[in-house]
Amino acid sequence: MAEAHATSGMPPPDYEVVESFEPLPGEDPEPAVWREVRHGLDSMNLLVDQKLGGENERGEEEWIANEVLMVRLSDPNTIRVRWDVGEGPLGRFGLSNPRVRLSIWRW
């Protein structure tokens, strides 16, 4: 992952996390709910990159940009994440064990 940041000119993120939330997309018929991720950066001036991903049929991790993954700043140390993807994007790419990767920079 360091190579990807080096080629884009971005410095390493100030905070990076991979989260698997329960229930996972497509497993719960109820509407998606907001999940809190505590980052401790003490700022509301953040740049957030988010990806939805999982494992392909070879067991390798793959990440995709996903417009239905929403991020909301709730306070200077917490980001709220919501995904409402059902079977759509993950099923199209053949990914299992879905998760969210957040990379956060103080701006």
Side-chain angles (χ1 to χ4, degrees):
M1 201 141 89
E3 292 175 14
H5 295 296
T7 59
S8 69
M10 292 291 293
D14 295 303
Y15 181 83
E16 190 162 53
V17 65
V18 175
E19 292 280 347
S20 294
F21 297 118
E22 297 290 338
L24 296 174
E27 291 183 349
D28 189 0
E30 298 298 316
V33 297
W34 291 96
R35 309 292 181 161
E36 289 190 353
V37 175
R38 301 213 28 98
H39 52 75
L41 294 175
D42 200 29
S43 177
M44 295 290 281
N45 196 12
L46 303 172
L47 172 64
V48 179
D49 178 55
Q50 49 81 13
K51 299 276 191 291
L52 183 66
E55 295 175 9
N56 63 23
E57 61 278 350
R58 295 181 304 276
E60 302 165 332
E61 259 186 359
E62 287 188 26
W63 298 100
I64 56 176
N66 190 334
E67 67 280 356
V68 295
L69 176 66
M70 294 170 271
V71 176
R72 183 168 74 188
L73 302 176
S74 58
D75 68 52
N77 292 301
T78 308
I79 287 182
R80 300 186 81 209
V81 179
R82 183 178 130 175
W83 53 6
D84 188 12
V85 298
E87 296 297 328
L90 292 173
R92 276 199 316 262
F93 292 99
L95 300 177
S96 62
N97 193 16
R99 60 199 83 145
V100 172
R101 183 181 78 201
L102 297 172
S103 301
I104 306 170
W105 293 264
R106 272 185 282 229
W107 197 251

Exercise for the section: With sequence neighbours left out, write down each residue that passes side-chain hydrogen bond (donor to acceptor under 3.5 Å, both in side chains) with Asn77, or none if nothing qualifies. Expected result: none

Exercise for the section: Answer whether the closest heavy-atom distance between the side chains of Arg35 and Val100 falls below 4.5 Å. Expected result: no

Exercise for the section: Output the distance between atom CG (Asn45) and atom CH2 (Trp107), rounded to the nearest 0.5 Å. Expected result: 9.0 Å

Exercise for the section: Using side-chain hydrogen bond (donor to acceptor under 3.5 Å, both in side chains) as the criterion, list what pairs up with Thr78, not counting sequence neighbours. Expected result: Arg38, Asp75

Exercise for the section: Give, for atom CG of Leu41 and atom CH2 of Trp105, the distance between the pair rounded to the nearest 0.5 Å. Expected result: 11.5 Å

Exercise for the section: With sequence neighbours excluded, tell me which residues meet side-chain contact (heavy atoms from CB on, under 4.5 Å) with Val18. Expected result: Trp63, Arg99, Arg101

Fill in the blank from the handout: Taken to the nearest 0.5 Å, the spacing of Tyr15 OH from Arg106 CZ works out to 12.5 Å

Exercise for the section: For side chain to side chain contact (heavy atoms under 4.5 Å, CB included), just list the numbers for Gln50 and Val81, CA-CA rounded to whole Å, side-chain angles, deciding distance to a tenth of an Å, and then say yes or no. Expected result: CA-CA 10 Å; Gln50 49 81 13; Val81 179; over 6 Å; no

Practice task
Sort out for me which residue in Asp14, Leu46, Val48 forms a side chain to side chain contact (heavy atoms under 4.5 Å, CB included) with His39.
Solution key: Leu46

Problem - Heavy-atom check, side chain of Pro13 versus side chain of Ile104, under 4.5 Å - result: no

Completion exercise
For Asn56 and Arg58 the tightest heavy-atom approach is OD1-N, 2.9 Å

Problem - Distance in Å, Leu73 CG paired with Ile79 CD1, rounded so as to fall on 0.5 Å steps - result: 5.5 Å

